[in-house]
Amino acid sequence: MRVLVVGSGGREHALVWKLAQSAHVESLLCAPGNAGIAAERLAGSGAAVECVGVGAEDLSNLLALAQERRIELTVVGPDNPLALGIVDRFEERGLRIWGPSRSAARFESSKAFSQQFTEKYGIPAAAGGAFDDPAAAKRFAASLGGRCVVKADGLALGKGVLPCSSLAEAERAVDRIMVERTFGAAGARVVVQEFLEGVEISLHALCDGKVAKLFPTSQDHKRALDGDRGPNTGGMGAYSPTPFLSDAQLAGAAASILEPFMRGCAAEGIDYRGILYPGVMLTSSGPRVLEFNARFGDPETQVYLTRLESDLLELLDASARGALGRMQLRWSPLASVCVVMASGGYPEGYARGKIISGLEAAGASPNTKVFHAGTALRDGQIVTSGGRVLGVTALGQDLRAAQSAAYAAVEQIHFEGAQYRRDIGQRALVSGAAS
Ligand code: AMP
Ligand code: GLY
């Protein structure tokens, strides 16, 4: 099969790397890709993966590329093209594509839609409300005692979520989002939610419109600094599985979240094909959904796909065709840890073009894979070109072994200003639940 992957981050490198291992893949393109993706080869034929300079949101040129190269399956990584309706555009022209339609992607592109859906179908979630009017949003925040989370309704590059610990902060947050429009049109509406306490984990389920197949658990580390301090980021590292949820609890969470989700989709006529990624808080009263994402997590994908033993192309193809029912997802019992190396200053301003050394030595360790995120090739050298630069990922017998292997590889890699967290997976080890 001729396959195109859309996107350029660590998630897309992991998707390309795993798809390149499939015997069904005859050629593999990525738009726009990065330096690590361009260095991948198909396991069967040894053919190189080809990166094409078309941006992930340039739907017209992506469509032209898929037609010209007679692509048989397009795999979409990021949220923005999904929200823009890439799946609908491709399907209108008879092109096969994996990912939710624009309407199904509203679970991520509209927090108000998700909030109403969780209430209507009894999905355990943060209690909250959606508001078009700043005064009404403020009144609702006051009814929560001011301790709440104020969210811009639309996509805001992961930045439109403002946690508040007092009514004054909540009122300020409503004004920033709705009046000052700090996040642009995404702030025409807000969702105000109760502030949930607990351990946050990531769930992923592969859906085909009829069934949802749950992945093992994972946990991201969203804050920039050790000890979960500093600003929120796209994700500074992940590991799988997490000890915070037993297999029985995971099955319980699947029943309480995924079953009403699929029932609700059927009732609303939403054909959900793709990954459903609920961010979940493990509260004292059980797992509660904080948000739905309509795509693979980044860096969760890096730890999931290093553990996945099944053929990814077969799974994505079945998801797109509505034929997932009989498919098995097989997972390695090993633990996986991904440490993100970022540019100095991320998530605020950062420099680009820093030469990266030590990649070969780091990648040579057994069970270790260095996924590229923000990298580019310049005069024959690999340089930094984004905030999150690399996702250094390792498998191990247990979480501790995977963590040591990932950090041993991180230590081989150098670029000016590199910053990374030293404690990916640490909370799970300290909790004692991992042994
Ligand atoms: P979101 O973009 O909705 O995923 O929110 C980003 C992050 O904000 C989440 O990953 C949580 O860490 C935090 N968050 C979102 N909603 C809540 C909530 N209701 N209570 C506590 N933390 C939240
Ligand atoms: N891991 C965070 C995200 O993908 O949104």
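All ligand and atom numbering here is 1-based and tracks the order in the structure. Keep in mind the model is a prediction, meaning the values are calculated, not measured.
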#### Entry: Under 3.5 Å: N/O of Leu196 near N/O of ligand 1
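N/O-N/O distance under 3.5 Å: yes.
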### Message
With respect to Gln193, determine whether any N or O atom, backbone or side chain, lies less than 3.5 Å from an N or O atom of ligand 1.
### Response
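Such a contact does occur with ligand 1.
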Find all atoms of ligand 1 within a distance of less than 4.0 Å from any non-hydrogen atom belonging to [X], and give their numbers and elements.
{"X": "Glu194", "result": "18 (C), 19 (N), 20 (N)"}
{"X": "Leu290", "result": "11 (C), 16 (N), 17 (C), 18 (C), 19 (N), 20 (N), 23 (C)"}
{"X": "Glu291", "result": "1 (P), 2 (O), 3 (O), 4 (O)"}
{"X": "Ala126", "result": "19 (N)"}

### Query
Is it true that the side chains of Ser218 and Tyr304 contain a donor and an acceptor less than 3.5 Å apart?
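Note: Ser218 and Tyr304 side chains meet the donor-acceptor criterion.
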### Message
For a quick check under 3.5 Å, do Ser285 and Thr283 share a side-chain donor-acceptor pair by atom type?
### Response
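Yes, Thr283 and Ser285 have a side-chain donor paired with an acceptor closer than 3.5 Å.
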### Proximal atoms of ligand 2 relative to Gly297 (non-hydrogen, under 4.0 Å)
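Counting from 1, the qualifying ligand atoms are 4 (O).
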### Message
Can you name the atoms of ligand 2, numbered from 1 with element, that are less than 4.0 Å from a heavy atom of Gly234?
### Response
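Close to Gly234: 1 (N), 2 (C).
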### Query
When the aromatic ring centroids of Phe261 and Tyr272 are compared, is their separation below 6.0 Å?
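That pair passes the under 6.0 Å test.
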#### Entry: Ring centroid separation Phe113 to Phe107 under 6.0 Å
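Ring-ring flag for Phe113/Phe107: true, centres closer than 6.0 Å.
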Do me a favour and list the nearest non-hydrogen protein atom to [atom] with residue, atom name and distance?
{"atom": "atom 8 (O) of ligand 1", "value": "Val161 CG1, 3.6 Å"}
{"atom": "atom 16 (N) of ligand 1", "value": "Lys151 NZ, 2.9 Å"}
{"atom": "atom 11 (C) of ligand 1", "value": "Glu200 OE1, 3.2 Å"}

Counting only heavy atoms not in [X] (residues, nucleotides, ligands), do more than 12 fall under 6.0 Å from its [atom1]?
{"X": "Gln328", "atom1": "CD", "value": "no"}
{"X": "Gln397", "atom1": "CD", "value": "no"}
{"X": "Arg102", "atom1": "CZ", "value": "no"}
{"X": "Glu416", "atom1": "CD", "value": "no"}

Does [X] reach ligand 2, in the sense of a heavy atom lying below 4.0 Å from it?
{"X": "Ala238", "value": "no"}
{"X": "Asp220", "value": "yes"}
{"X": "Gly235", "value": "no"}

### Query
Is the closest side-chain heavy-atom distance between Gln403 and Ile424 below 4.5 Å?
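Of all side-chain heavy-atom pairs linking Ile424 with Gln403, none is under 4.5 Å.
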### Query
Is Arg11 touching ligand 2 with its side chain, its backbone, both, or neither, if touching means heavy atoms under 4.0 Å apart?
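The answer is neither; Arg11 stays 4.0 Å or more away.
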### Query
What do we get for Arg295 next to ligand 2 when only non-hydrogen atoms under 4.0 Å count, side chain, backbone, both or neither?
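Near ligand 2, Arg295 shows its side chain, while the N, CA, C and O stay back.
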### Test item: protein heavy atom less than 4.0 Å from atom 18 (C) of ligand 1
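At least one protein heavy atom is under 4.0 Å away.
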### Query
Is it true that Lys120 and Glu268 make a salt bridge, defined as a side-chain N closer than 4.0 Å to a carboxylate O?
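Here Lys120 pairs with Glu268 in a salt bridge, since their nearest N and O are under 4.0 Å apart.
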### Query
Atom CG in Leu276, atom NZ in Lys213: separation rounded to 0.5 Å?
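One finds 15.5 Å between CG of Leu276 and NZ of Lys213.
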